[in-house]
A.B. asks: 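I am attaching a structure below and will ask some questions about it afterwards.
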Amino acid sequence: MQAVAATFKKSLRLDFSQSDPVVAARNAFGVGIVLVIGVASGNFPVAVFGAVGALFAAFADRPGSYRLRFARMAGTSVAAGIGGGLSVLCAHSLPLSLLLVAVFSFTTGMLLSLGLNVAQVGIAGTAVAIVLNRFPMPLSGALGIAAAITAAGLLQSFLAIAGWPLHRHAPERAVLADLYAGLAQRTRSKHPKMTAPGAGVLLTKARETITGFGHGMGPSMQSYRGLLDEAERIRLEVIALGYCLERFERVDKTAQHDAVQYFLLAAGDALDAISESLRRGKVFDPAAMDPVTAAAAALTEVMDGFTDSPTGRFASLHCRALAGQLRAGARMVSPGAVEGRVAEPAAQVGGVRMSLQAPLGTLRANLRLDSAIARHAIRLMVMVTGTDALARLLPGTDRGYWIPLMVLLLLRPDFGATLQRTSSRLVGTLIGLGIGTAATALIGDENKYALVAVIVVFVFCVRISGAPNAFFMGIWVAAYLVALLDLAGSPAAVVVLPRLLDTVVAGVLAVAATMVWPAWERAYLPARIADLLRAYRTYLLAITDPGLNKAKIDASRIKARLARSNAQASLDRTAAEPVAGQATLFTAEGVLVQSHLFVQAAMVIDAARLSLRAAQHPVDDLMRQLAPFIADCAATLQACESAIVGGAAPRGVVSLRASYVGLKDSMEKDPIAVETVQVAVLDATDRIANSLDTMAHLLRDRGTRQEPAAA
């Protein structure tokens, strides 16, 4: 019950971190244009249908490149138009109409495997199909409905990319500006090395925007890709210098500590200047690099006074590397910032087939009953189609589409998410119905344009809510629908109580469905944790293999970040489930903590490798000395992976403390090749040994026996 209570509390929190007032105003304006056209022409059904299409397209107006944003919004508009057209065309036949809803809802459930942004396309088509299947029309009418919905959505789409000709890469610049601002903030942390999650989330978001599907080409994009690569290295260097800061503080070396901190603060100012150049679209001022140069010189002078300090030499090495990366970023930022002044070639489309293969492969991989996505798709199809059939067969339910529509919007693959959305929507709907009813009562029946203005305000409130606020969004969606239905000729007094009751029924059915045929996240959490350890093992082996190229190492970093976000999300969902899963949850939390300590230490080794290469020092000798220890780490990680999946004690675990002692002895006997980074690498490997030994101890003594998954 504590998990359920926590879920209810979480559903009522407000988080506006993803809210954008400019986007919200633009989306509201798009809906308003459609409504004004419909009211002015006296065609209220077209106004209502168009407003629905424009709103669904607005939900797809999310951050990303202009090409990707337009593709999402246009795809959503077309899906809504097709759903509406086919729905009214099939409405004369109940079996055919229900078959259409079943196909749409199952497809929507499967699309969730590709992410919420893609699933939004299916939700739009299914929702419109549910709402309009009470209104049979001939082919000509169906085409008209499809055209009205699609056209309204496309209008919204074109408004979203209206700035493309002037600032074609504004989204890319914005995401990079956020990334460099995040890196700047990290340099100002008291302990930058231990800051979590650092810039990892921002790096992932930037990479998806700049190199994802539909990305552009040309000089500006080359600048952005270069800045993205530099950001990856800057993050590692900041972590390495954070290690130095921590070590100097621990041994009370005030002068060295202050020199590193002074340099990091100067680096933060330079990073802020790069961020500001991108955000404002202005040429970078080279004078912003002067404090970095001065701070680097001061750090070198201080460290030269302590020739017997290995950590000082390590700090000097990484200071030079970070200063060089900042200079490179300063050189690259201006071509991207002043994008509008450089003619750029059109995007290439030769890789479209390859880009489509991965999503199709993901869908095929999830078409199996042991997949949470497939189970969700079947459950969604049964619940949406079943409630739609009952609503249409039972007497007195002429607008019973609300129940299947709410089931579509509330039902999620796991219990926690379903419960959270249901509780948020119920409370929000109750408040929103009251707001909508009061607003329409004050306006009256005559002033249609005033009603349109109120609807526009409600749309703005819906979009300003942001994705995390199901409660707040539920308020304004309910108010919007009350006002929209009033415009269509259904007075608020008639629809308020049925809508509230239908929402309650839909919420109860959605939660009950996850209880009857659950997809408890606890059953999938061990696999997510094992995926994380596998990704970290791949990353560790990649950064210590001198034969691997940059592309493969970068790929291992990206996969590691994705695996961590998936594992953390799975852990959060498991914590929200009202079932006995404490053993799995406790183990997962412990492993995640130790894995964070492990990867922070591994990133110090990564930074040391990069800096040695940048200074043209050989790294092969370092990797040769590390090889036995790294092999033992990989074996221990693999044993922990197998233990987590199998629910047994780990087998094949190596005593990493003994392995570390062997590495330390080896480095002390042959310090010449790795003298510059010896202390830092030994400290990092010491932390790795501690984290992996603790992880193995946790799995051995606490156990990973999984509670039996629900059938």
Side-chain angles (χ1 to χ4, degrees), residues 173 176-195 198-199 202-203 206 223-224 226-249 253-306 309 311-338 607 610-611 614-615:
R173 287 195 291 107
L176 276 175
D178 290 343
L179 172 58
Y180 273 79
L183 289 170
Q185 184 178 2
R186 188 179 183 115
T187 64
R188 300 187 184 98
S189 301
K190 187 176 180 181
H191 295 292
K193 176 178 174 294
M194 300 307 295
T195 302
L202 294 171
L203 274 166
S223 168
Y224 303 143
L227 287 168
L228 182 61
D229 289 340
E230 290 301 330
E232 191 86 62
R233 293 192 59 188
I234 287 169
R235 182 186 183 220
L236 293 174
E237 299 301 343
V238 171
I239 288 174
L241 287 168
Y243 153 78
C244 298
L245 201 65
E246 178 189 334
R247 187 170 178 84
F248 285 137
E249 184 177 9
K253 300 289 186 180
T254 305
Q256 295 97 312
H257 174 277
D258 290 348
V260 173
Q261 190 168 58
Y262 175 61
F263 174 73
L264 283 173
L265 291 175
D269 291 340
L271 289 165
D272 273 335
I274 293 174
S275 172
E276 193 68 10
S277 176
L278 287 163
R279 202 178 302 279
R280 293 182 177 273
K282 65 178 184 179
V283 175
F284 181 81
D285 183 3
M289 288 298 300
D290 292 344
V292 174
T293 303
L299 184 147
T300 302
E301 183 178 352
V302 170
M303 300 308 169
D304 286 346
F306 299 90
S309 171
T311 304
R313 292 194 295 274
F314 187 74
S316 295
L317 178 68
H318 287 279
C319 167
R320 290 193 296 271
L322 180 53
Q325 286 145 21
L326 289 172
R327 286 193 297 271
R331 287 192 299 270
M332 286 187 287
V333 67
S334 289
V338 296
L610 287 171
S611 296

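The figures that follow rest on heavy atoms only: side chains count, while hydrogens, waters and symmetry mates do not.
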A.B. asks: Hey, could you give me the CG/CZ distance between L183 and R188, rounded to the nearest 0.5 Å?
C.D. replies: 11.0 Å
A.B. asks: Would you give the length of the straight line joining atom CZ of R186 to atom CZ of R235, rounded to the nearest 0.5 angstrom?
C.D. replies: 5.5 Å
A.B. asks: Ignoring hydrogens and geometry, is there a side-chain-to-backbone donor-acceptor pair from Y180 to L278 under 3.5 Å?
C.D. replies: no
A.B. asks: For L322 versus A267, what's the shortest heavy-atom pair and its separation?
C.D. replies: CD2-CB, 4.1 Å
A.B. asks: Run through C319, P291, C244 and flag the one making a side chain to side chain contact (heavy atoms under 4.5 Å, CB included) with F263.
C.D. replies: C319
A.B. asks: How close do Q261 and L245 get, counting heavy atoms only, and between which atoms?
C.D. replies: N-CD1, 3.7 Å
A.B. asks: Atom CG in D258, atom CZ in F248: separation rounded to 0.5 Å?
C.D. replies: 11.0 Å
A.B. asks: Hey, could you give me the CZ/CG distance between R313 and D304, rounded to the nearest 0.5 Å?
C.D. replies: 11.0 Å
A.B. asks: Give the C-alpha distance, both sets of side-chain angles, the deciding distance and a yes or no for side chain to side chain contact (heavy atoms under 4.5 Å, CB included) between D178 and R279.
C.D. replies: CA-CA 8 Å; D178 290 343; R279 202 178 302 279; 3.1 Å; yes
A.B. asks: Would you give the length of the straight line joining atom NZ of K282 to atom CD of E276, rounded to the nearest 0.5 angstrom?
C.D. replies: 5.5 Å
A.B. asks: I need the single residue from L326, V292, L179 that forms a side chain to side chain contact (heavy atoms under 4.5 Å, CB included) with L271. Which is it?
C.D. replies: L326
A.B. asks: Report the distance from atom CD of E246 to atom OG1 of T311, rounding to the nearest 0.5 Å.
C.D. replies: 11.0 Å
A.B. asks: Should L227 and R173 be marked as a side chain to side chain contact (heavy atoms under 4.5 Å, CB included) after you check the CA-CA gap, both sets of side-chain angles, and the distance that decides it?
C.D. replies: CA-CA 10 Å; L227 287 168; R173 287 195 291 107; over 6 Å; no
A.B. asks: Walk me through it: do T187 and L265 pass the test side chain to side chain contact (heavy atoms under 4.5 Å, CB included)?
C.D. replies: CA-CA 6 Å; T187 64; L265 291 175; 5.9 Å; no
A.B. asks: Minimum heavy-atom separation for A607 and E237, please, with both atom names.
C.D. replies: O-OE2, 3.9 Å
A.B. asks: Determine the minimum heavy-atom distance between M303 and S316, stating which atoms define it.
C.D. replies: CB-OG, 3.3 Å
A.B. asks: Say whether, by atom type as modelled, one donor and one acceptor occur between the side chain of S277 and the main chain of A273 under 3.5 angstrom.
C.D. replies: no
A.B. asks: Mind listing the closest non-hydrogen atom pair of A181 and D272 along with its distance?
C.D. replies: CA-OD1, 4.2 Å
A.B. asks: After noting the C-alpha distance and the side-chain angles of Y262 and L299, does the key distance pass the side chain to side chain contact (heavy atoms under 4.5 Å, CB included) rule?
C.D. replies: CA-CA 8 Å; Y262 175 61; L299 184 147; over 6 Å; no
A.B. asks: What's the shortest heavy-atom distance between A270 and M289, and which atoms?
C.D. replies: CB-SD, 4.0 Å
